[in-house]
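Keep in mind it's a predicted model, so treat the numbers as computed, not measured.
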Amino acid sequence: MCGIVGYLGNKNTTKILLEGLKELEYRGYDSAGLALLNGEDIEVYKALGKLENLREKTKNILNNSFELGIGHTRWATHGKPTELNAHPHSGQYSYIVHNGIIENYKEIKDSLLLQGHKFISQTDTEVIVHLFENINNKINDPKQAFKDTISKLKGAFSILLVTKADPNKIYFFKNGSPLIVAKGNEKQEFLFASSDAPLIGLAQNAIYLEDGVGGVVSKEELEIFSDNYIWSILPTSKQFAQKNGHRFFMEKEIYEQGDVVSDCMLGRVKDNEINFDEIDSSILDGINEIKICACGTSYHASMASAYLFERLSKIRCNVEIASEFRYKEPLLTNDTLFIVVSQSGETADTLEALKMAKNAGLKTLVVCNVNNSSMTRVANNTILTRAGIEKGVASTKAFSTQTVVLWMLSLYFAKIKSSLSKELLQKEIQALSQVPKVLVVNNKLHEKTRRLSKRYLHGHGFFFIGRDVFYPLALEGALKLKEISYLHAEGYPSGEMKHGPIALADPELFTIALMPKNSLYEKVKSNVEELSARDSTICSISPLHFELSDDFIKTNDRDHYMLEFFEMLVVLQLLSMEISIRLGNDVDMPRNLAKSVTVE
Ligand code: AGP
């Protein structure tokens, strides 16, 4: 996720902005920049890579005085990480920093190009500042021009804009992505930031802006264009702030899944259609099957998507663990679309599998969270998951955004191949659009998993069982538990238990049963009854009460199995985390694990 900072006051603007961006580093970024104003003089500095590079570029002006400034760290979603694509973006006399995604940037850009505007970056952000100037050039009223600009934007946009047309002010607006405005401890001082960490120590009172609220600030006045705001007291601990008040980054990342999945769908699910900026229908030209390679959690997301590609797109699909694929002397044919799925884009086995497919002349696509990673540079096509940086080693929001991208892709392919009726396609898209809401953590549910976790701190092992897409979900639940609690757990197709594993059934064997209403419920139920009959301890997760379960986590009654999938995912993530917390483990940095496995 991008980071925004702003300062207006009598202190050292450059220093405050650089320190503010430093506090936002935890959000992940690939470039950074500043715009500094003194009256009508504007100086802009941008750098690729780490903040140190920006600090190096600004070291000679560090003690110059600037009345105000805006700064930005960029996590690339539209356009590669380059200096040109780094923020602030400029028009003729204005500069902007932006966090979010402008869904209708293409239409706006086309119209402005026709009016003679020149663009130098590949970003969606750049259209905002040109749109602002296009309007202001006609009405010569920056405040009204800012308001009119905002009214024409669709999507998620939290922005700071400075302009020579109104040189002593910062214009701001919040929609989708977070933005805070704070009153500085000194007089005539205001600060902005995407999260409260950069503000701590510099301000006490702040407004956590609500969606649709904006305004303009000068040394004399903070003007807000609506009355929908309240002043709050900022936290005093930066560590607490970086985790948005959660105990661990993993917990923060579980809680932000609804938001990042919304970002992931922005501009892709629109007017009941699925479209990707990054690919077009020719990607399926000459393709008869899909092969997916991945590792770990990404492999589980890939497995779940195989059911969707075959069921919805009617394309044969198989999924392989990358470390196995590399050495099996695979048969590769160029009617295969080769997809790799990876949060980091750096996993050695997955990268090598991708290179093998590329060298064999296959069409390749990577579903990835990090732009400009190795895999995005090798694959013919990239679709970014837009999950923002994932700090917890145990993957959470990466999995949910990967699964959403792959579900969207299966529907996109279904549209190209007309493999689904219009009604069925609409039903699928309707369900897909509800995923962000389903991923919002219900506090009662979280409390339930916290209470239950005390019962699952020992035992000689766990089986996580499910059918269909709930089998990969069971694998993912088992991996989460293993990774952060160090307890032994296995994911298994529930229909397979009677082919051997049921020999382990006894009260010390904990079975977490995924029992969705909309997918083979009766089949799973009978598998679970077999286990219960042998005195296995059963925790069932289901919208339907199951009298034989020793523990029961009730989920909501949904009308689509994939909505049950995402709701059960959150249950599994929270349960594993709460067990790990009780065991006193390091939830964010579990023993023996690395966030990205760049070696074989
Ligand atoms: C998942 O919780 C783990 N962190 C691990 O299995 C991870 O999914 C795997 O190493 C693949 O990483 P990637 O998605 O970055 O390729």
Side-chain angles (χ1 to χ4, degrees), residues 2-18 20-21 24 32-46 54 58 61 64-74 86-100 117 120-121 123 125-137 139-150 153 157-175 177 179-182 184 188-194 198 209 214-225:
C2 304
I4 289 176
V5 292
Y7 179 74
L8 182 150
N10 302 313
K11 286 186 195 150
N12 183 325
T13 301
T14 312
K15 193 163 166 294
I16 288 180
L17 293 178
L18 287 170
L21 291 178
L24 294 177
L34 297 176
L36 300 156
L37 275 80
N38 228 354
E40 299 217 350
D41 295 334
I42 296 190
E43 295 191 28
V44 180
Y45 299 87
K46 298 183 182 184
L54 183 61
T58 52
I61 55 114
N64 297 7
S65 73
F66 296 96
E67 290 173 84
L68 58 90
I70 56 178
H72 187 269
T73 46
R74 180 174 183 249
H87 301 207
H89 284 289
S90 61
Q92 297 297 315
Y93 54 87
S94 315
Y95 295 79
I96 192 165
V97 291
H98 163 230
N99 185 5
H117 287 258
I120 56 170
S121 84
T123 66
T125 301
E126 197 180 357
V127 302
I128 308 173
V129 66
H130 284 273
L131 180 59
F132 166 76
E133 291 189 352
N134 196 48
I135 297 171
N136 188 56
N137 293 345
I139 65 172
N140 194 22
D141 174 346
K143 189 191 301 186
Q144 191 54 51
F146 184 72
K147 290 178 178 176
D148 294 350
T149 300
I150 294 300
L153 301 179
F157 41 95
S158 287
I159 57 180
L160 297 181
L161 179 140
V162 293
T163 175
K164 291 182 181 176
D166 206 352
N168 309 313
K169 295 177 182 170
I170 298 178
Y171 286 84
F172 60 93
F173 195 83
K174 191 267 184 201
N175 195 51
S177 314
L179 186 63
I180 305 166
V181 53
Q188 294 190 326
E189 187 177 60
F190 288 94
L191 300 100
F192 293 90
S194 302
L209 293 166
V216 57
V217 68
S218 65
K219 283 190 176 175
E220 292 69 37
E221 182 197 12
L222 166 63
E223 179 190 352
I224 298 188
F225 302 146

Considering non-hydrogen atoms only, spot the tightest contact between [X] and [Y] and give its length.
X: Ala35; Y: Val44; result: CB-CG2, 4.2 Å
X: Ile70; Y: Leu17; result: N-CD1, 3.7 Å
X: Gly184; Y: Leu191; result: CA-CD1, 3.6 Å
X: Ala165; Y: Pro142; result: O-CG, 3.7 Å
X: His98; Y: Cys2; result: O-CB, 4.1 Å
X: Leu37; Y: Pro167; result: CD2-O, 3.7 Å

Does the [X] side chain pair with the main chain of [Y], one donor and one acceptor, at a distance under 3.5 Å?
X: Thr73; Y: Gly3; value: yes
X: Asn175; Y: Ser158; value: no
X: Glu133; Y: Gln92; value: yes
X: Glu67; Y: Asn168; value: no
X: Gln188; Y: Asn10; value: no
X: Ser218; Y: Glu221; value: yes
X: Thr13; Y: Gly69; value: no

task: Run the numbers on Ile61 and Phe66 for side chain to side chain contact (heavy atoms under 4.5 Å, CB included), then give the verdict.
output: CA-CA 10 Å; Ile61 55 114; Phe66 296 96; 4.0 Å; yes
Does the side chain of [X] reach to within under 4.5 Å of the side chain of [Y], using non-hydrogen atoms?
X: Leu54; Y: Leu21; value: yes
X: Arg74; Y: Thr123; value: yes
X: Tyr95; Y: Val129; value: no
X: Ile150; Y: Phe225; value: no
X: His89; Y: Lys46; value: yes
X: Leu36; Y: Tyr45; value: yes
X: Phe172; Y: Leu222; value: yes
X: Leu18; Y: Leu34; value: yes

What's the spacing between [X] [atom1] and [Y] [atom2] if we round to 0.5 Å?
X: Ile159; Y: Thr125; atom1: CD1; atom2: OG1; answer: 9.5 Å
X: Lys143; Y: Glu223; atom1: NZ; atom2: CD; answer: 3.5 Å
X: Ser94; Y: Leu131; atom1: OG; atom2: CG; answer: 11.5 Å
X: Leu161; Y: Thr149; atom1: CG; atom2: OG1; answer: 8.0 Å
X: Ser65; Y: Asn12; atom1: OG; atom2: CG; answer: 9.0 Å
X: Asp141; Y: Asn136; atom1: CG; atom2: CG; answer: 7.0 Å

message: Other residues, nucleotides and ligands only: do more than 12 of their heavy atoms fall within 6.0 Å of NZ on Lys11?
response: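 Buried by this count: over 12 neighbours within 6.0 Å.
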field: Chi angles and distances behind the side chain to side chain contact (heavy atoms under 4.5 Å, CB included) call for Ile16, Val5
entry: CA-CA 9 Å; Ile16 288 180; Val5 292; over 6 Å; no
task: Fit a plane to each ring of Phe146 and Tyr171, take the angle between them on a 0 to 90° scale, and name the class: parallel (under 30°), tilted (30 to 60°) or perpendicular (over 60°).
output: tilted
task: Please lay out, stage by stage, how Leu179 and Ile4 fare under the test side chain to side chain contact (heavy atoms under 4.5 Å, CB included).
output: CA-CA 8 Å; Leu179 186 63; Ile4 289 176; 4.1 Å; yes
task: Evaluate the criterion side chain to side chain contact (heavy atoms under 4.5 Å, CB included) for residue pair Val217 and Val181; output intermediate values, then yes/no.
output: CA-CA 10 Å; Val217 68; Val181 53; 5.7 Å; no
